[in-house]
Amino acid sequence: MTMNEHNEPKTAAERAVELDAAADLAAAADGRSPPISAERVAQLETELAEANQHVLRTYAELENYRKRAQRLLEEETKYAPLPLMRDLLPVLDNLERAIQAADQSRDAAGLLEGVKMVAQQLHAALERHHCVLIPTQDAPFDPHVHEAVAQVPHAQVPAGTIIETLSTGYRLHDRIVRPARVLVSAGAPEATTPATHN
């Protein structure tokens, strides 16, 4: 009886593997293809079926993950403005209070002060969400962030410098939400030479 390394009798399967290996060696020595036993074919078919099942399971898991990720991305995109909305609602509340106060009182100074406070609150809410003003005061004209409505001759302001802001521009992180619409100095007007008489 054949014994393995633990001095236990070999099983029929172990003996079959050894016989297959011996047959493969003999065939290789003769230079011909080794014959494949029915057991080996059955073993390979089983391994192939298991590999196919593994591939199918992996593909199904990957497809499920892709669908979950897509759903999460759509949900995140859909509700991305929620923090901004929460910050803007108190501003709207204060604006409505200012309107009510203006209806009940004819005090223009108090109304103006209330509107200024609401505007400051709105600017603060936008800044918390990284939406900031594009500077224009005495700034050089920059076509990337400013939109020139017109160029106006100006004796005191050098050419290419912003004279007046017509509408405020805003930037979100590094993207322009809206360019600032501005008037730009064309420099000092050219002096006209007096006409000469012949």
Side-chain angles (χ1 to χ4, degrees), residues 13 17 36 38-105 108 110-151 160-185:
V17 170
I36 301 176
E39 286 140 3
R40 180 69 177 142
V41 170
Q43 179 188 4
L44 290 172
E45 286 175 347
T46 302
E47 289 175 3
L48 180 60
E50 288 174 356
N52 283 339
Q53 286 298 318
H54 179 69
V55 167
L56 288 174
R57 279 194 306 272
T58 303
Y59 177 76
E61 288 171 6
L62 184 61
E63 190 62 18
N64 288 338
Y65 172 77
R66 187 190 67 77
K67 287 177 181 174
R68 275 196 313 273
Q70 181 69 25
R71 277 196 307 272
L72 284 172
L73 179 61
E74 286 170 2
E75 192 169 305
E76 287 291 322
T77 304
K78 182 178 180 180
Y79 296 110
L82 196 57
L84 177 60
M85 298 301 105
R86 287 181 178 141
D87 277 351
L88 289 181
L89 288 177
V91 179
L92 184 59
D93 293 341
N94 286 338
L95 191 56
E96 288 171 351
R97 287 187 196 105
I99 292 168
Q100 287 174 358
D103 282 344
Q104 295 168 3
S105 169
L111 175 62
L112 177 62
E113 192 60 34
V115 171
K116 282 182 179 178
M117 287 176 61
V118 171
Q120 288 171 355
Q121 189 180 13
L122 181 56
H123 281 298
L126 290 173
E127 283 179 12
R128 278 197 298 279
H129 293 273
H130 311 286
C131 185
V132 295
L133 293 171
I134 294 171
T136 55
Q137 184 68 36
D138 299 323
F141 175 75
D142 180 353
H144 296 102
V145 296
H146 303 132
E147 179 187 335
V149 174
Q151 279 192 310
T161 303
I162 294 170
I163 301 171
E164 184 181 343
T165 304
L166 302 179
S167 67
T168 307
Y170 293 88
R171 181 200 321 265
L172 179 64
H173 294 290
D174 58 347
R175 288 196 182 173
I176 302 303
V177 177
R178 181 179 77 184
R181 298 179 75 240
V182 295
L183 292 179
V184 182
S185 170

Ignoring hydrogens, what is the shortest heavy-atom contact between [X] and [Y]? Give both atom names and the distance.
X: Val132; Y: Glu127; answer: CG1-CG, 4.1 Å
X: Val184; Y: Ala148; answer: CG2-CB, 3.9 Å
X: Pro90; Y: Gln121; answer: CB-NE2, 3.9 Å

Are the side chain of His146 and the backbone of Pro135 linked by a donor-acceptor contact shorter than 3.5 Å? yes

Rounded to the nearest 0.5 Å, what's the gap from [atom1] on [X] to [atom2] on [Y]? Could you check?
X: Leu126; Y: Asp87; atom1: CG; atom2: CG; value: 9.0 Å
X: His54; Y: Glu47; atom1: NE2; atom2: CD; value: 14.0 Å
X: Asp138; Y: Ser185; atom1: CG; atom2: OG; value: 11.0 Å
X: Leu48; Y: Leu44; atom1: CG; atom2: CG; value: 8.5 Å
X: Asn94; Y: Leu89; atom1: CG; atom2: CG; value: 11.5 Å
X: Thr58; Y: Gln53; atom1: OG1; atom2: CD; value: 10.5 Å

Of Val182, Thr136, Ile176, which is the lone residue that meets side-chain contact (heavy atoms from CB on, under 4.5 Å) with Val145? Ile176

Evaluate the side-chain hydrogen bond (donor to acceptor under 3.5 Å, both in side chains) criterion for residues Gln43 and Arg40: first the C-alpha distance (whole Å), next the side-chain angles of each, then the deciding distance (0.1 Å), finally the verdict. CA-CA 5 Å; Gln43 179 188 4; Arg40 180 69 177 142; 3.0 Å; yes

Can you list every pair that meets salt bridge (charged side-chain N to carboxylate O under 4.0 Å, His left out) and has a residue in residues 66-76, with sequence neighbours left out? Glu63-Arg66

Given side chains that start at C-beta, do those of Tyr170 and His123 come closer than 4.5 Å, heavy atoms only? yes

State, yes or no, whether a side-chain contact exists between Leu88 and Leu92 at a heavy-atom distance under 4.5 Å. no

Please list, one pair per line, the donor and acceptor atoms closer than 3.5 Å that link side chains of residues 111-118 to other protein atoms, with sequence neighbours excluded.
none

Are there over 12 heavy-atom neighbours, none belonging to His173, within less than 6.0 Å of that residue's NE2? yes

